[in-house]
Amino acid sequence: MINRMIHGEVHELRLNRPPVNALSPDLLQFLADEVRRSPKQGARALVLSGREGMFSAGLDVPVLIELEREDLGRALKAFFDAIEALAASAVPVAAAITGHSPAGGAVLALCCDRRVMAEGEFTIGLSEVRLGIPVPRIVADLATRAVGTSAGETLCVSGELLHPEKALEVGFVDQLAPVGDVVAAACRWCQDIIEAPAHALAETRSILRRDLVESIRSHSEDDVRILADQWFQPELQTAMRDLVARLKDG
C-alpha cells in the first residue's frame, strides 16, 4: 500500500492503493508507521507522493459507510494518527501532490512542511462540507494555519476545490511543478533543507510546529467522537450512500 523509494537521505513514501489512493484504515496505519520509522532507517527528510494524476481521493467512504460505530471510531482514529505522525515527524516532510487531492488527501498535504503540486487540470481542497461532513477542529486549524484565518474559514465553509494556480495564490500549496517533475521538485526542496545542521533543523522545526502537534493531540478524541456522532445522522448517511452510488456508476 506504500512504496518506499530512497533518494539518498530523502525517502519517498508513495501511496499505492489503486485506483485513487483512497485512505483506508490499513493504509493510514501503514503511513503512520512508515513516517515514524523512517528516521531510524536513515531518512533525513521524507516526500509523501501519490500516482501521477492522483495524490489521494480522501477517506475510503465505500469502506467506512459499512462500518458499525465502534469500527468507524477506530478508522477515524487511524486517520488522526496518520495526521499526527506527519505533523510531528522528526524529519521534514514534503508533499508531492501528484494530482487530485480533495478532502482527506488535502488534509495529509496540509500536515507536511512543504506542498508541491502538479500543474494541470487538478484540484485540491477541503470539500468535506459539500459531502455533508462537518469540518473537524483539527482540519480547520490546519487550514487557517496555512492560509490565514479569513481565507481558511472561507475554504472550510465553502468546500471549494482549488486549481493549482489558485491554491498557490492563496497559500494552500507552496510551489507548482510539471506533473512529471513534482516528486523531483519535492526532493530538491528536501535536499536544500537538510543541508542545515541536523540538531538546529530539528529544534527549529519542533518550535515552529509545536502548536500544530498540540492542537492535533488535544482535539483528536473530540473530533473522532463528533464525527462518529454525525456520521450516523440520516442526512449524512443518505449523502454518503449517494456518493458511493455515484462512485460505482462512474
Side-chain angles (χ1 to χ4, degrees), residues 1-18 20-60 78-118 122-126 138-139 142-143 145-146 164 167 172-177 179-194 205 209 212-213 216:
M1 279 190 270
I2 294 179
N3 297 332
R4 179 187 293 267
M5 274 71 73
I6 298 177
H7 313 279
E9 293 180 305
V10 178
H11 291 199
E12 178 189 353
L13 302 179
R14 182 174 297 172
L15 303 176
N16 183 22
R17 186 167 182 261
V20 294
N21 287 333
L23 302 174
S24 68
D26 287 345
L27 174 58
L28 290 163
Q29 189 59 62
F30 271 115
L31 175 59
D33 291 345
E34 287 293 303
V35 170
R36 289 176 175 135
R37 71 166 60 103
S38 289
K40 300 174 184 176
Q41 297 180 335
R44 289 198 59 205
L46 295 173
V47 169
L48 178 63
S49 68
R51 68 170 177 82
E52 190 168 304
M54 176 61 70
F55 180 68
S56 171
L59 289 174
D60 193 342
F79 180 58
F80 288 114
D81 189 47
I83 290 173
E84 181 181 332
L86 288 168
S89 172
V91 299
V93 186
I97 306 166
T98 47
H100 294 294
S101 185
V107 175
L108 292 187
L110 285 173
C111 291
C112 299
D113 299 64
R114 179 81 169 180
R115 290 172 292 283
V116 183
M117 186 173 184
F122 305 117
T123 58
I124 186 170
L126 303 170
I138 291 170
V139 175
L142 283 165
R145 189 176 193 272
F172 205 98
V173 302
D174 304 296
Q175 180 182 351
L176 302 183
V179 65
D181 191 46
V182 177
V183 171
C187 286
R188 287 193 294 270
W189 180 85
C190 289
Q191 292 287 0
D192 288 342
I193 287 294
I194 62 177
R205 288 185 65 253
R209 297 175 71 79
L212 172 60
V213 175
I216 292 171

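What you see below is based on every heavy atom in this structure, not just the backbone, and it leaves out hydrogens, waters and symmetry mates.
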[X] and [Y]: which non-hydrogen atoms are nearest, and at how many Å?
X: Gly125; Y: Ala106; answer: O-CB, 3.5 Å
X: Val93; Y: Cys112; answer: O-CB, 3.4 Å
X: Met117; Y: Gly99; answer: CE-O, 4.2 Å
X: Pro39; Y: Ala90; answer: CG-CB, 4.2 Å
X: Ala45; Y: Cys190; answer: CB-CB, 3.7 Å

When rounded to the nearest 0.5 angstrom, what distance separates [atom1] in [X] from [atom2] in [Y]?
X: Leu176; Y: Arg115; atom1: CG; atom2: CZ; result: 12.5 Å
X: Leu27; Y: Leu59; atom1: CG; atom2: CG; result: 10.5 Å
X: Arg145; Y: Cys111; atom1: CZ; atom2: SG; result: 9.5 Å
X: Ser89; Y: Leu46; atom1: OG; atom2: CG; result: 5.0 Å
X: Cys187; Y: Asp192; atom1: SG; atom2: CG; result: 11.5 Å
X: Arg14; Y: Arg51; atom1: CZ; atom2: CZ; result: 12.0 Å

Ring pair (Phe, Tyr, Trp, His ring centres under 6.0 Å) partners of Phe30, counting only residues at least two apart:
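Not a single residue meets the ring pair (Phe, Tyr, Trp, His ring centres under 6.0 Å) criterion with Phe30.
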Against [X], only a single residue in [options] fulfils side chain to side chain contact (heavy atoms under 4.5 Å, CB included); can you say which?
X: Arg188; options: Val183, Val10, Ile193, Asp181; value: Asp181
X: Leu212; options: Leu142, Ile83, Ile138, Leu86; value: Leu142
X: Leu48; options: Ile2, Leu15, Thr98; value: Leu15

Can you tell if the side chain of [X] reaches within under 4.5 Å of the side chain of [Y], non-hydrogen atoms only?
X: Ser49; Y: Val182; result: no
X: Met5; Y: Val47; result: no
X: Phe122; Y: Val179; result: yes
X: Leu28; Y: Asp81; result: no
X: Leu108; Y: Leu23; result: yes
X: Met1; Y: Asn16; result: no

So, are Asp26 and Arg17 salt-bridged, with charged N and O less than 4.0 Å apart?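 So Asp26 does not pair with Arg17 through a salt bridge.
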Item to complete: Can you sort out the partners of Arg114 under side-chain contact (heavy atoms from CB on, under 4.5 Å), two or more places apart, ordered by chain and number?
Response: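 Residues passing side-chain contact (heavy atoms from CB on, under 4.5 Å) with Arg114: Ala94, Val116, Asp174, Gln175, Trp189.
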Before giving the answer on side chain to side chain contact (heavy atoms under 4.5 Å, CB included), spell out for Ile124 and Phe55 the whole-Å C-alpha distance, their side-chain angles and the decisive distance to 0.1 Å.
CA-CA 10 Å; Ile124 186 170; Phe55 180 68; over 6 Å; no
Which residues pass the salt bridge (charged side-chain N to carboxylate O under 4.0 Å, His left out) test with Glu34, not counting sequence neighbours?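 Per chain and number, Glu34 pairs via salt bridge (charged side-chain N to carboxylate O under 4.0 Å, His left out) with Arg4, Arg37.
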### Task
Give the intermediate values and the outcome of side chain to side chain contact (heavy atoms under 4.5 Å, CB included) for residues Val20 and His100.
CA-CA 9 Å; Val20 294; His100 294 294; over 6 Å; no
